[in-house]
There are 2 protein chains.
Amino acid sequence: MHPIAQGAYAPRRTRPIWLQIYDRLLHACETGALSPGQRLPGEISLARTFDVSRVTLRRALRRLQQEGHLQARKGAGVYVRQPLTRWQVDDSGQQLPARTADARAMETRTLSLAKGPPDAATAEHLEIAPDAKVWHLTRLRLHKGVPIYLSDKFFPADIFDRFDAAYAPAQSVQDVFAAHGQADWQRTETRISGAFATAETAAALELSPSTPLIAVEAYNTARNGRRIELTQGIWPLTGVELVFQRS
Amino acid sequence: MHPIAQGAYAPRRTRPIWLQIYDRLLHACETGALSPGQRLPGEISLARTFDVSRVTLRRALRRLQQEGHLQARKGAGVYVRQPLTRWQVDDSGQQLPARTADARAMETRTLSLAKGPPDAATAEHLEIAPDAKVWHLTRLRLHKGVPIYLSDKFFPADIFDRFDAAYAPAQSVQDVFAAHGQADWQRTETRISGAFATAETAAALELSPSTPLIAVEAYNTARNGRRIELTQGIWPLTGVELVFQRS
DNA sequence: CAGTGGTCTAGACCACATG
DNA sequence: ATGTGGTCTAGACCACTGG
């Protein structure tokens, strides 16, 4: 028998079996008995090991997936995720690029960049005409190789006529702003809410579908009051901590 | 047959049955076919209505509970929740009490107020000695009678020697600050992360256990740098929107 | 191809809330 | 006492992944 499953269960009335299994698996993740990247035995096998039905076992696994400790891949198996980052975003002043406890381990991957007509909601957010054009930038941020943040950014194309050329060298939005004479801007509004992973967003973040997420929507505004950027981003509910500081 | 369940299901490969049931129930909540406060038929009956097993039906219900549209009460039934508030908290400047779109519909209920020794973590957060004393205030905020925010607040007792007397008249922390000569303070740090409802927190917020939550931890600091308040609060993941604005 | 996770079924027992 | 939701079981078929 696998060592994780050793020992009898506490009475069911004190704590459901599936939560006791959750406890043991979580403990195994935290102590390193299950190491990141490792593949778990199959669910049928695991259920036999824990001496429960597959349904009960899956309930424990589902909770661990929602919390980001495990990730199931259909047809492949259940894998132990890298421990989630407590990501500290300092959003005071004009400090846009998030400072991180371990900034060198952060990687930004550009998934797509294209110019086109905005949908109605985006046009309204940016306070532009529906027939104007916008740049649409989709990026993924990874910490130690683990995707932790997926964002869509929108910029009015009339202001940033050379977005792609300015962005390409360093994948830096700040560079784009600077190249278009937009050095003086401010993060004027940040909205935080909740959501659940769709099939697509789950795939991008390497999470199980239906995982709870935190969603952010933010505007950057130029000195003259014009909105020059709309950001919509999501990250896993657990394992990321957002920090707002004021001196 | 209940009208909500009318019509055949789309092929299972396009969308799982439980998600199709979820879709229909959600639509019923949004259109008012299921009105707030209403009790749903029992799960066995509902499963028969939707022509699925109880397990499949419960899967749809669970998702709706996680999103705050429904709430199950053991032994009593499943009820339709009041539509969730999009709660806008303006946290700029010294504006502590959250401004709300409909402030008159907000109610604050004090659950407990007591003076005692802090636990180790609280002492560290408030930067006080472990053997100092702190006031511990637990409150619940309701919008239109629906609990949406549960908070624990801690204050160093050496500063606020008459907390209870100053707090009682208006249930106002600001009044306590004013009565102790602490008019000049600042919200210096706000940390946002995720969590899941325990049995206790679920009961207080009238949610189903294991519902995903957003958690906030914040400090208020006096002019001299002394931390005078620690707040730890939680609210349902969905249905609340936190807004940070800067002019 | 075999094995995986995703979905679904038809039962069952329990603790709990309500009338 | 009845009915409720919470938990659990032992099966089954499917789509997908991998060797």
Side-chain angles (χ1 to χ4, degrees), chain A residues 8-23 25 38-66 70-81 197-199 202-203 206-211, chain B residues 8-23 25 38-66 69-81 196-199 202-203 206-211:
Chain A
Y9 292 112
R12 213 154 51 172
R13 60 189 166 284
T14 60
R15 191 165 174 83
I17 304 282
W18 72 269
L19 272 176
Q20 297 186 45
I21 296 174
Y22 160 85
D23 292 337
L25 288 171
Q38 183 181 347
R39 181 182 164 282
L40 268 62
E43 291 180 352
I44 295 102
S45 159
L46 261 186
R48 205 171 42 238
T49 302
F50 280 100
D51 196 28
V52 294
S53 74
R54 191 177 159 217
V55 176
T56 301
L57 173 81
R58 277 177 60 79
R59 209 161 156 178
L61 293 182
R62 189 191 322 131
R63 177 65 167 268
L64 287 158
Q65 289 169 40
Q66 285 200 334
L70 299 179
Q71 183 207 351
R73 293 211 306 264
K74 196 177 183 176
V78 179
Y79 292 82
V80 182
R81 275 180 69 99
T198 65
E206 293 179 6
L207 294 168
S208 305
S210 299
T211 299
Chain B
Y9 293 111
R12 217 151 63 168
R13 59 190 166 285
T14 60
R15 191 165 175 82
I17 304 282
W18 71 269
L19 272 176
Q20 298 187 43
I21 296 174
Y22 161 85
D23 292 337
L25 288 172
Q38 183 180 345
R39 182 182 165 280
L40 267 63
E43 291 181 351
I44 296 104
S45 158
L46 261 185
R48 204 171 44 237
T49 302
F50 280 100
D51 196 27
V52 294
S53 74
R54 193 178 156 213
V55 176
T56 301
L57 172 81
R58 277 177 61 78
R59 207 160 158 178
L61 293 183
R62 190 190 323 131
R63 176 65 167 268
L64 287 158
Q65 289 169 40
Q66 286 201 332
H69 295 102
L70 299 179
Q71 183 208 353
R73 295 212 304 265
K74 193 178 184 176
V78 179
Y79 292 83
V80 182
R81 273 179 69 100
F196 290 85
T198 64
E206 292 179 9
L207 294 168
S208 304
S210 299
T211 299

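Only a predicted model underlies this, so the values are computations on that prediction, with no experimental measurement involved. Numbers restart at 1 for each chain; the letters A, B, ... are given by sequence-line order, proteins then strands.
Atom CD of B/Glu43 is separated from atom C1' of D/dT2 by 16 Å (rounded to the nearest Å). As rounded to whole Å, 11 Å separates atom P of C/dT4 from atom OH of A/Tyr79. Atom NZ in B/Lys74 sits roughly 21 Å away from atom P in D/dT2 (whole-Å rounding). Spacing between atom CD1 of A/Ile44 and atom P of C/dG5 amounts to 7 Å, rounded to whole angstrom units. Rounded to a whole Å, the OH atom of A/Tyr9 is 15 Å from the P atom of D/dT7. Atom-to-atom, CD of A/Gln71 to P of C/dG6 comes out at 10 Å; the value is rounded to the nearest Å. Atom CD1 in B/Ile17 sits roughly 17 Å away from atom P in C/dG6 (whole-Å rounding). Rounded to whole Å, the distance from CD on A/Gln65 to P on C/dG5 is 10 Å.
Side-chain proximity of A/Trp18 to D/dC8, C/dC8, C/dA17: nearest is D/dC8.
Note that CG of A/Leu61 is 7.5 Å distant from CZ of A/Arg58, once rounded to the nearest 0.5 Å. With rounding to the nearest 0.5 Å, the separation of CG in A/Leu25 from CG in A/Leu40 is 6.5 Å. Note that the CZ atom of A/Arg63 and the CD1 atom of A/Ile21 stand 13.5 Å from one another [nearest 0.5 Å].
Using modelled atom types, one side-chain atom of B/Arg81 and one backbone atom of B/Glu206 make a donor-acceptor pair closer than 3.5 Å. Between the side chain of B/Thr49 and the main chain of B/Ser45, a donor-acceptor pair closer than 3.5 Å is present.
A heavy atom closer than 4.0 Å to some atom of DNA chain C occurs in A/Arg54, A/Arg58, these being the qualifying members of residues 53-64 of chain A.
Side-chain polar atoms of B/Thr211 and B/Ser208 form no donor-acceptor pair below 3.5 angstrom.
As judged by a 4.0 angstrom heavy-atom cut-off over every strand, B/Arg15 is placed among residues making no nucleic acid contact.
A/Arg59 forms no cation-pi arrangement with A/Tyr22, by the criterion of a distance under 6.0 Å to the ring centre and an angle within 45° of the ring axis.
Mapping B/Gly75 and A/Ser45 onto DNA chain C via the closest heavy atom, the residue that lands nearer the 5' end is A/Ser45. Summary of the strand contacts: B/Gly42 and A/Ala76 both lie near DNA chain D, and taking for each the nucleotide with the nearest heavy atom, the more 5' one is attributed to B/Gly42.
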